[in-house]
Amino acid sequence: PVFMASIENSVIQQVLPANRPAFEQRLAWLRRIADQEKEGVESLDAQLEQHDNVLNDLNQNLQTDPANAQARYQKGTRYLELKQYEKALAEFTQAVQLDPSSVESYLARGSIYQAFEQYDEALNNYEQAIHFNPNNYKVYIVRAQIYADLHRYDEALADYGVVINIAPDLSIVYQSR
């Protein structure tokens, strides 16, 4: 750092004596950007370490209680946040196998399938979620989005109508309709 500072001062004095204030201002701006990027990398490293710690805790929990569907769901959620979709899907699938009424796991699986435009699989998962909790308006919203993407507008409108019945104060439904 000291060596670099002396080189920077030498370059500033030799190359840009007339524009020195502007050059120094630009150099300070570049240093701030470099510092922000360094902080961002450190923040990302901390987040990844936190995910690793949580995953380790969940793995330990699953070693003592392999039939813990909620731990499988939480593990899938962590993988989803890390954009490790295949691992997330596997965990959500195990959660559903352990607890077939896990609406959250069906929603999570459906969202992964929907993101990858595997609409039939997404719809199947949303159907299961509705079967176990017909009053969960979120399922109808995401299913309506798929229906709209598939140009099945009557079905989309029907789902938005269900949402309005379940949650009449939810303004986003009126906008989506």
Which atom of [X] lies closest to which atom of [Y], heavy atoms considered:
{"X": "Ala69", "Y": "Leu98", "answer": "CB-CB, 3.8 Å"}
{"X": "Ala156", "Y": "Ala148", "answer": "CB-N, 3.9 Å"}
{"X": "Asp99", "Y": "Ser101", "answer": "OD1-OG, 2.7 Å"}
{"X": "Ala88", "Y": "Gly76", "answer": "CB-O, 3.4 Å"}

[X]-[Y] co-clustered via ILVMFWY side chain contacts under 4.5 Å:
{"X": "Val103", "Y": "Ile146", "answer": "yes"}
{"X": "Leu170", "Y": "Val162", "answer": "yes"}
{"X": "Tyr140", "Y": "Leu107", "answer": "yes"}
{"X": "Val142", "Y": "Tyr85", "answer": "no"}
{"X": "Phe132", "Y": "Tyr137", "answer": "yes"}

- Should Asn133 and Val139 be marked as a side-chain contact (heavy atoms from CB on, under 4.5 Å) after you check the CA-CA gap, both sets of side-chain angles, and the distance that decides it? CA-CA 9 Å; Asn133 186 354; Val139 184; over 6 Å; no
- Interatomic distance, Ile166 atom CD1 to Lys138 atom NZ [nearest 0.5 angstrom]: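 Rounded to the nearest 0.5 Å, the CD1-NZ separation comes out at 12.0 Å.
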- Message: Distance check, rounded to the nearest 0.5 Å: Gln74 atom CD versus Glu104 atom CD?
- Response: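 Rounded to the nearest 0.5 Å, the CD-CD separation comes to 9.5 Å.
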Heavy-atom distance under 4.5 Å between the side chains of [X] and [Y], does that happen here?
{"X": "Leu89", "Y": "Leu80", "value": "no"}
{"X": "Thr77", "Y": "Phe92", "value": "yes"}
{"X": "Gln145", "Y": "Ile141", "value": "yes"}
{"X": "Asn125", "Y": "Ile112", "value": "no"}

Got a donor-acceptor contact below 3.5 angstrom from the [X] side chain to the [Y] backbone?
{"X": "Tyr126", "Y": "Ser111", "value": "yes"}
{"X": "Tyr79", "Y": "Glu91", "value": "no"}
{"X": "Asn124", "Y": "Asp120", "value": "yes"}
{"X": "Tyr106", "Y": "Pro100", "value": "yes"}
{"X": "Tyr113", "Y": "Leu123", "value": "no"}

- Glu127/Arg143 ion pair, N-O < 4.0 Å: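 The answer is yes: the pair qualifies as a salt bridge.
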- Contacts of Glu121 that satisfy salt bridge (charged side-chain N to carboxylate O under 4.0 Å, His left out) - sequence neighbours left out: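 By the salt bridge (charged side-chain N to carboxylate O under 4.0 Å, His left out) rule, Glu121 matches no residue at all.
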